[in-house]
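As structure tokens, the structure follows; a few thoughts come after it.
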Amino acid sequence: MQVKTCGIMQSMRRNLFLYLALACFVGLIAIFVVDGYLGTYDTVYITAGERSLKVEADVWQRQYPTYGGPIYEEEPMSVEGDKGGYYMGANRDEKISFRYEVDNRVFSTYKADIEASVWHSQEKVRDLISRPISIAAFDKGELEWVVDNTELLPTDILPEQSYQYTVIIKRGEIERRIVVFINPAGYPRKY
Amino acid sequence: MQLTYVLYGFGVLLCVAGIGYLAAEYVKYMSEIGKLLALLLTVGMFGFLGKYFEELGW
């Protein structure tokens, strides 16, 4: 009888270790899910002409650039230095509207200064917006602005020439870059 | 028969390597506290699994 009880106890003890190991595994998966959900995430919604683009928060974390829309470029674009950047194409006469959304998924209020500006050849062309934001816990905040391509194009640019500028969004210490390629007048071609 | 076990072992190794790779990629984007907790739980998981196999007599 005593031997049988001892065997049952040993079996329970053995199973307890297995259940604890399983509990640790479930906890590990739970941490992966919760940690992925919690945080401050920013998404940019872009509307150029009839096209709507969504630059999701994971784009900024990528080790390679992301492309949106038809882009005409004669020279190959650099890849190495543009990790986490977003490239998009636009036409000359378009107005591009940007909506920058910050999703605060933490237990405290998020405060930061948001600045957006247009850059070309490492020089600032114009400021688009500069505003502090304060977002309550598990809430969203957003800012909007519009860029008119016709105002940014140089006056002496030829119709067959392309142009590019970068919209840099600064949120505190964090910087997001969206490179806008203004295609030549005849692009994209119609077949 | 033995060849079958070798193939099983190879399959299990590939699965573990694949899960390990995915986990390593995911961990890159985790917060510091999340990494610490995940490390503690991983140590706990292997520790308890080791004890389980020890109790089995391995």
Side-chain angles (χ1 to χ4, degrees), chain A residues 3-43 55-64 66 83-85 102-108 110 137-138 171-174 176, chain B:
Chain A
V3 174
K4 195 177 178 185
T5 314
C6 188
I8 292 169
M9 288 292 284
Q10 202 174 10
S11 172
M12 280 177 67
R13 185 179 142 85
R14 193 171 58 217
N15 286 340
L16 179 68
F17 287 131
L18 184 64
Y19 293 141
L20 283 171
L22 282 172
C24 284
F25 179 73
V26 171
L28 200 60
I29 300 296
I31 283 175
F32 273 32
V33 173
V34 172
D35 197 275
Y37 177 76
L38 293 178
T40 308
Y41 298 95
D42 49 352
T43 308
V55 190
E56 295 195 71
D58 68 298
V59 167
W60 317 119
Q61 308 293 330
R62 289 178 188 165
Q63 299 299 305
Y64 50 87
T66 308
K83 291 171 183 173
V102 181
D103 193 357
N104 182 33
R105 296 183 200 158
V106 293
F107 295 95
S108 58
Y110 179 78
F138 294 96
R171 173 169 59 87
E173 298 291 309
I174 299 161
R176 310 299 192 201
Chain B
M1 187 67 179
Q2 276 186 338
L3 181 68
T4 313
Y5 282 117
V6 170
L7 287 174
Y8 281 156
F10 190 62
V12 168
L13 266 178
L14 281 179
C15 286
V16 170
I19 290 169
Y21 172 75
L22 289 176
E25 282 294 305
Y26 195 88
V27 162
K28 279 183 194 170
Y29 304 106
M30 283 177 79
S31 64
E32 295 301 313
I33 185 78
K35 280 179 191 170
L36 180 65
L37 286 172
L39 179 69
L40 288 174
L41 284 173
T42 308
V43 169
M45 186 178 73
F46 283 112
F48 288 129
L49 212 57
K51 286 298 286 180
Y52 172 72
F53 283 117
E54 190 186 337
E55 294 283 319
L56 273 181
W58 281 35

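Letters go in sequence order (proteins before strands), and every chain restarts at 1.
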Test of ring centre spacing under 6.0 Å for B/Phe53 and A/Phe17: no
Consider only side-chain N and O atoms of A/Arg171 and A/Tyr110, and report whether a donor and an acceptor are under 3.5 Å apart. yes
Engaged part of B/Val27 at the chain A interface, taking heavy atoms whose separation is under 4.5 Å: side chain
Answer with side chain, backbone, both or neither: which region of B/Leu56 has an atom nearer than 4.5 Å to a non-hydrogen atom of chain A? both
Starting at CD of B/Glu25, measure out to CD of A/Gln63 and round the result to the nearest 0.5 Å. 8.5 Å
When B/Gly47, B/Ala38, B/Gly50 are compared by non-hydrogen pairs under 4.5 Å with chain A, the top option: B/Ala38
Region of A/Phe32 that comes under 4.5 Å of a non-hydrogen atom in chain B: both
Is it true that atom OH of A/Tyr41 has more than 12 heavy atoms of other residues, nucleotides or ligands lying nearer than 6.0 Å? yes
